[in-house]
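Notes follow the structure.
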Amino acid sequence: MTEYKNVQSTIKPKEIEIDEYSVWVNSDIKEITVTDENGIHTEYEFNQKQYTKDEYIQLIDENNKQLEDKLTDTQLALCDVYEMIGG
């Protein structure tokens with residue numbers, strides 16, 4: 001993964017962009033006003049992470065496993081609550 005800070009663009013970026021080799025994750029997207037010799041115009045400033053497709057698949061897999069664990073914990077807690085209220 002490669003991380004870029006304070007990237008600027010005249011085009012509003014999507015949160016996730018996928019090309020042939022990489023997945024680009026854009027975050028903290030802010031609209032900024034820029035004044036230069038051509039006048040005032042709007043640009044976008046954001047942070048960007050570039051993942052290989054394999055890195056991104058692994059990241060998604062890890063996040064899914066964490067969500068599954070949290071869901072299981074929530075289901076067990078709900079069973080305990082149900083038993084406590086006399087179900």
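Everything numeric here is computed off the predicted structure, so don't read it as measured data.
Think of Leu59 as one node in a network of Ile, Leu, Val, Met, Phe, Trp and Tyr side chains linked at under 4.5 Å; its network also takes in Met1, Ile16, Ile18, Val23, Val25, Tyr51, Tyr56, Ile60. Other residues sharing a hydrophobic cluster with Ile11 under the 4.5 Å side-chain heavy-atom criterion for ILVMFWY residues do not exist; the residue is a singleton.
With sequence neighbours excluded, no residue forms a side chain to side chain contact (heavy atoms under 4.5 Å, CB included) with Asp69. For Glu62, the side chain to side chain contact (heavy atoms under 4.5 Å, CB included) criterion is met by Gln58, not counting sequence neighbours. Remark: Gln66 engages Asn63 in a side chain to side chain contact (heavy atoms under 4.5 Å, CB included) (not counting sequence neighbours).
Across all non-hydrogen atoms, the minimal contact from Ser9 to Phe46 is CB-CE2, 3.9 Å.
Within a 6.0 Å radius of NZ in Lys53, more than 12 heavy atoms belonging to other residues, nucleotides or ligands are found.
Side-chain N or O atoms of Asn47 include none that pairs as donor or acceptor with a backbone N or O of Asn26 at under 3.5 Å.
The distance from atom CD of Glu55 to atom OG of Ser22, rounded to the nearest 0.5 Å, is 8.5 Å. Annotation: the span from Asn6 atom CG to Ile32 atom CD1 amounts to 9.0 Å, rounded to 0.5 Å.
No side-chain heavy atom of Val34 sits less than 4.5 Å from a side-chain heavy atom of Thr42. Under the 4.5 Å side-chain criterion, counting only non-hydrogen atoms from C-beta, Pro13 is not in contact with Trp24.
Remark: of the listed residues Lys49, Gln48, Gln50, Gln50 is the sole one forming a side-chain contact (heavy atoms from CB on, under 4.5 Å) with Thr2.
Annotation: salt bridge (Lys or Arg N to Asp or Glu O under 4.0 Å) contacts involving residues 19-43, sequence neighbours excluded, are absent.
Of the charged side-chain nitrogens involved, at least one lies within less than 4.0 Å of a carboxylate oxygen, so that Lys5 and Glu3 count as a salt-bridged pair.
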